[in-house]
Amino acid sequence: MRFSLRQLTIPVAFTLALVVPFTVTLLLTDSVSAVSKSPAKPAPPRMHRLVLPINSDDPTTMRALISTALNLPKYFQERNEPFTIEVVAYNLGVHMLRTDTSPVKDLLRVVRAVNPNIRFVVCEATKLGMERAEGHPITLIDNVDLVPSGPGRIIELQEDGWSYIRS
């Protein structure tokens, strides 16, 4: 049986129709694109963030808050996970951070020495109300920031994903 040129042309044409685009694609693409990429680096541990509100002038409540602020960071440090705390004082809790009325002033120095990254903030509205009621300026311990509203600050932190523990 003899093959005609026409019978031979059709299979050759189909073969070329498949092989030529495949070959051109391989030539035009980077040869390493088919190689699997190196494994992705593990994501860094997420930042744990906690807001601790204080709205009571009870020394026991203040000491419990300080205990949490001292011990909880240790837990995450042992796991090599970053952790930050913001203590928000409002209403009667402002007494915790006042130089003249704080029953835990000495403990706060320990907290600062052990973990200087803890941020302390005071509700400015409460502070101004105390100053009006007492008739003199109120002095806060060192490195305390003022926020316009303590409860407002807590809400902002929660909306930003901070955890919240009631005192």
Side-chain angles (χ1 to χ4, degrees), residues 28-167:
L28 293 177
T29 58
D30 188 9
S31 62
V32 295
S33 65
V35 177
S36 65
K37 296 185 179 187
S38 62
K41 293 180 183 176
R46 69 182 183 138
M47 169 66 84
H48 300 283
R49 301 170 303 177
L50 175 65
V51 57
L52 292 173
I54 181 73
N55 62 358
S56 168
D57 62 352
D58 176 41
T60 303
T61 303
M62 292 178 187
R63 283 192 291 279
L65 182 140
I66 290 171
S67 175
T68 300
L70 286 171
N71 293 316
L72 199 53
K74 290 178 190 176
Y75 171 79
F76 287 103
Q77 286 170 351
E78 289 171 0
R79 297 170 55 178
N80 289 327
E81 296 178 9
F83 187 80
T84 188
I85 295 176
E86 185 165 317
V87 175
V88 180
Y90 62 101
N91 294 340
L92 294 176
V94 171
H95 286 286
M96 178 175 154
L97 301 173
R98 287 179 56 167
T99 56
D100 59 341
T101 61
S102 176
V104 292
K105 217 178 339 186
D106 294 332
L107 288 174
L108 290 172
R109 285 191 198 105
V110 172
V111 170
R112 292 286 178 146
V114 171
N115 191 346
N117 296 324
I118 295 176
R119 182 175 184 225
F120 291 92
V121 298
V122 165
C123 173
E124 187 173 29
T126 300
K127 180 182 179 283
L128 292 172
M130 287 179 164
E131 289 175 341
R132 274 193 305 273
E134 295 177 25
H136 61 84
I138 292 173
T139 306
L140 302 172
I141 65 170
D142 293 336
N143 300 317
V144 172
D145 298 318
L146 290 174
V147 294
S149 168
R153 179 66 181 156
I154 292 168
I155 291 169
E156 289 172 349
L157 293 173
Q158 286 180 305
E159 290 173 344
D160 288 340
W162 287 60
S163 298
Y164 173 81
I165 297 178
R166 295 188 96 151
S167 54

> If every non-hydrogen atom of A113 is compared with every non-hydrogen atom of P116, which pair is closest and at what distance?
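Shortest heavy-atom separation between A113 and P116 comes out as O-CD, 4.3 Å.
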> Rounded to the nearest 0.5 Å, how far apart are CD1 of I138 and CZ of R132?
10.5 Å
> Evaluate R98 against L140 for side chain to side chain contact (heavy atoms under 4.5 Å, CB included), listing each step before the verdict.
CA-CA 4 Å; R98 287 179 56 167; L140 302 172; 4.1 Å; yes
> State whether K74 and E78 are salt-bridged, where the test is any N-O pair (Lys NZ or Arg NE/NH1/NH2 against Asp/Glu carboxylate O) under 4.0 Å.
no
> Compare every heavy atom of A69 with every heavy atom of I85, then report the nearest pair and how far apart it is.
CD1-CA, 3.7 Å
> Please round to the nearest 0.5 Å and tell me the distance separating atom OG1 of T68 and atom CZ of R63.
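T68 atom OG1 to R63 atom CZ measures 13.5 Å (nearest 0.5 Å).
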> Quick check: are there more than 12 heavy atoms from other residues, nucleotides or ligands sitting under 6.0 Å from CZ of R79?
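Yes.
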> Please tabulate, for the side chains in residues 103-111, all donor-acceptor contacts under 3.5 angstrom to protein atoms that are two or more places apart in sequence or on a different chain.
| from | atom 1 | to | atom 2 | distance (Å) |
| --- | --- | --- | --- | --- |
| K105 | NZ | T99 | O | 2.6 |
| D106 | OD1 | R109 | NH1 | 2.5 |

> Is E124 salt-bridged to K127, going by a charged N under 4.0 Å from an acidic O?
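Salt bridge: no.
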> Search all heavy atoms of E131 against all heavy atoms of P137 and return the closest pair with its distance.
OE2-CA, 3.7 Å
> Drop me the distance from L70's CG to L65's CG, to the nearest 0.5 angstrom.
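Going from the CG atom of L70 to the CG atom of L65 covers 9.5 Å.
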> Do N143 and F120 touch side chain to side chain, with heavy atoms closer than 4.5 Å?
no
> Does the side chain of W162 come within less than 4.5 Å of T84's, by heavy atoms?
yes
> Taking the side chain as every heavy atom from C-beta outward, state whether I66 and M96 have any atom pair closer than 4.5 Å.
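Answer yes - side chains close enough.
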> In a table with atom names and distances, give each donor-acceptor pair under 3.5 Å that connects a side chain of residues 88-95 to protein atoms at least two apart or in another chain.
| from | atom 1 | to | atom 2 | distance (Å) |
| --- | --- | --- | --- | --- |
| Y90 | OH | N55 | ND2 | 3.2 |
| H95 | ND1 | T101 | OG1 | 2.8 |

> Is there side-chain contact between R119 and V87, with heavy atoms separated by less than 4.5 Å?
no
> If you take all heavy atoms of C123 and P148, which pair is closest and at what distance?
SG-O, 4.0 Å
> Do the side chains of I54 and L97 get nearer than 4.5 Å, heavy atoms only?
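Not in contact.
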> Which heavy atom of P53 sits nearest to which heavy atom of V51, and what is that distance?
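Here P53 and V51 meet closest at CD-O, 3.6 Å.
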> Check the angle between the aromatic planes of F76 and F83 and answer parallel, tilted or perpendicular using the 30° and 60° thresholds.
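Ring orientation of F76 relative to F83: parallel.
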> Hey, is the main chain of D57 close enough, under 3.5 Å, to the side chain of T61 for a donor-acceptor pair?
no
> Check salt bridge (Lys or Arg N to Asp or Glu O under 4.0 Å) between D142 and all other residues, then give those that pass, not counting sequence neighbours.
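For D142, no residue satisfies salt bridge (Lys or Arg N to Asp or Glu O under 4.0 Å) once neighbours in sequence are set aside.
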